[in-house]
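Below is one structure, written out as structure tokens; the observations come after it.
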Amino acid sequence: MRLITWNINSLRLRLPLLTRLSEEYAPDVICLQETKVPDPLYPQEALTALGYPHQLYRGMKSYNGVTILSRIPLEPALPHAPDWCGKMDCRHVAARLHPDSGPVNLHNFYVPAGGDIPDPDENEKFAHKLAFLKEAKEWFTAHPPKRSILVGDLNIAPLEHDVWSHKQLLKIVSHTPIETSGLLDWMHTGFKDAMRTAIPEPEKLYTWWSYRNRDWKKSNRGRRLDHIWTTPDILPNMQKITVLSALRDWEPPSDHAPVMMDITL
DNA sequence: ATGGTTGGATGCCAA
């Protein structure tokens, strides 16, 4: 099974890029974040025509929004999914997939970015981000994952070599110790970092480059904000992980590159 | 230290 996760930053604007992505890489499952499309306007038929008849989506006006597209039959894994932080803001969707080897749970998350000031007392958005991490950790502690994959834009680069300069980013939202420890606490409820299993430190590994750099490739001030975790029972089935950084140049680009995993299931 | 760019129910807010 080939799975891709991507913060697409507007599904409707980048539908042509998604078409090209599906043609060039032929993923079986695609998880998208920041679709920015309300459910009534979701392009269900166009995505079916692309070859993904099985879809789960949760969107709202202007912000957030997540979807899972699949060639493989799926059903909603959590009909009563948690309403994270009580905000109903479309940051999580979970599917139960049915590949040949048996059911697998797939979680697709879009964690709050957290604003600019890394202080929960001064910045409500940062407080929301920390509360989200805590709730997610508590939920997976209460529901220990088995045969599960968790992907998404988690908006945190947890390791030293997940950012272009560890030292310069320690006080920058996405790499502060309170966030990185919160993310790893969540992961340790039963997941392994599949990307770093495939591509260990100290190799630099980024999935996001700011729009604000004139030449993202030349400055290469990236961060690993997008993640793929799996439970240990299926981690040995992983074959390969690739960051599709070429897409950072496809016009008009998202500021995130997709991450692709091949796994035998 | 500062400012840089993009998307969207835009003339500002979130990222």
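We name chains A, B, ... by the order of the sequence lines, and we start the count at 1 in each one. Hydrogens, waters and symmetry mates are skipped; everything else that's a heavy atom, side chains included, is used.
In this structure, A:Trp216 places its CH2 atom 15 Å from P of B:dT6, rounding to the nearest Å.
A:Arg71 forms a cation-pi arrangement with A:Tyr52, by the criterion of a distance under 6.0 Å to the ring centre and an angle within 45° of the ring axis. Both tests pass for A:Arg20 against the ring of A:Trp250: distance under 6.0 Å to the centre and angle within 45° of the axis. With A:Trp164 as the aromatic partner, A:Arg221 meets the cation-pi criteria of under 6.0 angstrom to the ring centre and within 45 degrees of the ring axis.
Taking the six-membered ring for Trp and the full ring otherwise, the centers of A:His161 and A:Tyr206 sit at least 6.0 Å from each other. A:Phe109 and A:Trp84 have their aromatic ring centers within a separation under 6.0 angstrom.
Across B:dG7 and B:dG3, the matching P atoms stand 23 Å from one another, rounded to whole Å. Here the separation of B:dG4 from B:dA9, taken at their P atoms, is 25 Å to the nearest Å. Taking atom P on both nucleotides, B:dT2 is separated from B:dT6 by 23 Å, rounded to a whole Å. Rounded to the nearest Å, the gap between the C1' atom of B:dA14 and that of B:dT10 is 12 Å.
At most 12 non-hydrogen atoms from other residues, nucleotides or ligands lie less than 6.0 angstrom from NZ of A:Lys217.
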*Mark up nucleotides 7-15 of chain B, 5' to 3', with B wherever a protein heavy atom is under 4.0 angstrom from a base atom, S wherever such an atom reaches only the sugar-phosphate, and - elsewhere.*
SSB----SB
